[in-house]
Amino acid sequence: MADAEQEAHLLMRIIETISSRLDLDEIVQNVAAIITEMTATDVCFVHLLDDDRQRLRLCGATPPFDRLAGRVELAVGEGMAGWVAAHGEPAVIVEDKRADPRYKYIPELHGEEFTSMVSVPILTRLGHLVGVLNLHSKRRREFGDDVELLRSLAGLVAGAIENARLYRRLADREEALERFTERMVQLQESESRRLAGEIHDGISQRIVSMFFHLSAARDLVGDDAARAEQQIATAQELAGAALDETRYAIAGLRPPVLDDLGLTASLQSLARGIADLHVHVDAGICDVPEFLESALYRSAQEALQNVQKHAQAGTAVIRLSTTPAGVVLQVSDDGVGFDPAALRATSGPTGHGLPGLRERARLLGGTLDVRSAPGSGTTLTLTVPPHQESA
């Protein structure tokens, strides 16, 4: 334990860190280092609660474990950090960690190298859980008064972490909005070219051909009624084909079934149109604004396309419901699945067709939760908070 003068100096460094920075990673890393120095421990892990408050993610640690940030996750209730998150109170293991049922051995964190540990909840002034601090010591240690010191330090940094997370969400949404705007311009240009091509190569060609057949029929009406009737029949077929292509082009802009029957029927229609995949729809009636109908429909469409492309699945389920948190759209499959943590570590924001879904969720003010494991399928859950009709 540091002496009083050193402790005050370290405390000032913490205050400086949390008051002068808004970068979450930098705050967490600096705080981990300072707390390790202040408590004379060997390593500090900072686990933060994710947006749906179901899992803890390692967001910072002292070297050499800082390289594992973002790659270790625990469910609330799992391991010592999960137990502390679930109960909201500190916990200490003096020795023989593996004999404690709350402890979970994670090979990457080399728990066998450390004898004692203390785990403290990071709580705001209002008692909201932000995350958990874990400190480990190679030598046997009971921690004693350190627990109260750590609780105070955790409370001190809780507000700064929350502010940094809010700032990051705002920055992410602004970045997503910029990307989305650029993407929308590209999509609009691509859609204009597509529609121009369809109209020129399909609809307009059929109408021109129909015009010639009708002209021929007009010239033959008085002299050869049978041939005139044949020309008119051909023109009718061309008119029907042109009408079908026109409807297809319109559906590419906004599915007419959304206007005719609503979102639930649109999802059922979408499910029937997916080839080589049995899709079941469990959807209640959701009274949402038109723009949100389109967004939810496009999200389900994109999620099913991802299933077709990546999952090697035979069955998928679309669930749509309303909860106090807002509208929830869930798409699950029985495919090969994947490791979300490994995907983030190896490919950043890309992979398995998720960027578009994440951007749409952010722009709607919602969240996208991805649950998957190798061999266990995948479940995507889009939660969108309530929107006013004027939104």
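- Remark: the backbone N or O of Tyr103 is not paired with any side-chain donor or acceptor of Lys97 at under 3.5 angstrom.
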Note to self: Using the rule given for side chain to side chain contact (heavy atoms under 4.5 Å, CB included), can you reason through Ile318 versus Leu304, listing the C-alpha separation, both sets of side-chain angles and the distance that settles it, and then say yes or no?
What the structure shows: CA-CA 9 Å; Ile318 301 174; Leu304 289 177; 3.7 Å; yes
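- The closest side-chain heavy-atom distance from Trp83 to Glu89 is below 4.5 Å.
- Expressed to the nearest 0.5 Å, how far CD of Gln308 lies from CG of Asp276 amounts to 7.5 Å.
- Pairing each heavy atom of Ala154 with each of Pro121, the nearest pair is CB-O, 3.5 Å.
- Ionic pairing of Arg360 and Glu302 is present here: one or more N-O contacts between side-chain nitrogen and carboxylate oxygen are shorter than 4.0 angstrom.
- Taking CG of Leu58 as the reference point, atom CZ of Phe65 lies at 10.0 Å (rounded to 0.5 Å).
- With a 4.5 Å cut-off on side-chain heavy atoms, His87 and Arg102 do not count as touching.
- Between His280 and Val317, the closest side-chain pair of non-hydrogen atoms falls below 4.5 Å.
- By the 4.5 Å heavy-atom criterion applied to side chains, Val370 and Arg358 are counted as neighbours.
- There is a side-chain donor-acceptor pair under 3.5 Å between Gln330 and Thr381.
- For the pair Ile122/Leu49, no side-chain contact is recorded, criterion being any heavy-atom separation below 4.5 Å from C-beta on.
- In plain terms, the two heavy atoms of Ala69 and Cys59 that are nearest each other are CB-O, 3.7 Å.
- Residue Glu108 places its CD atom among more than 12 non-hydrogen atoms of other residues, nucleotides or ligands, all under 6.0 Å distant.
- Ring pair His136/Phe45 is perpendicular by interplanar angle, where above 60° counts as perpendicular and below 30° as parallel.
- With contacts defined as side-chain heavy-atom distances shorter than 4.5 Å, the pair Val328/Ser321 qualifies.
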Checklist line | Check against side chain to side chain contact (heavy atoms under 4.5 Å, CB included), Met38 and Leu153 | finding: CA-CA 10 Å; Met38 178 178 286; Leu153 293 175; 3.4 Å; yes
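- The minimum heavy-atom distance linking His47 with Ala81 is given by the pair CD2-CB, 4.0 Å.
- Heavy atoms from other residues, nucleotides or ligands lying under 6.0 Å from CZ of Arg125 number 12 at most.
- Summarising the geometry, atom CG belonging to Leu354 is positioned 6.5 Å from atom CG belonging to Asn306; distances are rounded to the nearest 0.5 Å.
- Distance OG/Ser137 to CG/Asp146: 10.0 Å, rounded to 0.5 Å.
- With 3.5 Å as the limit, one finds no donor-acceptor pair spanning the side chains of Arg227 and Gln230.
- Residues Val132 and Ile35 do not share a hydrophobic cluster, defined by chaining ILVMFWY side chains whose heavy atoms lie under 4.5 Å apart.
- Heavy-atom minimum distance, Ser119 versus Val84: OG-CG2, 3.3 Å.
- Residues Tyr297 and Val288 share a hydrophobic cluster, clusters being chains of Ile/Leu/Val/Met/Phe/Trp/Tyr side chains in contact below 4.5 Å.
- The side chain to side chain donor-acceptor pair (under 3.5 Å) test with Ser372 singles out one residue from Thr378, Thr379, Asp333, Asp339, and that residue is Thr378.
- Looking at Val130 and Val157, their side chains never come closer than 4.5 Å, going by heavy atoms from C-beta outward.
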Next item on the list: I would like to know whether Leu133 and Val46 meet side chain to side chain contact (heavy atoms under 4.5 Å, CB included); could you show each step before the answer?
Entry: CA-CA 5 Å; Leu133 284 175; Val46 183; 3.7 Å; yes
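- Contact of the Val94 side chain with the Arg140 side chain is registered, since non-hydrogen atoms from C-beta on lie closer than 4.5 Å.
- For the atom pair CG (Leu74) and CZ (Arg57), the distance works out to 11.0 Å, reported to the nearest 0.5 Å.
- Atoms CD and CG, on Gln301 and Leu296 in that order, are 12.5 Å from each other to the nearest 0.5 Å.
- Side chain of Ser299 to main chain of Ala295: a donor-acceptor pair is present (N/O by atom type, distance under 3.5 Å, no hydrogens or angles).
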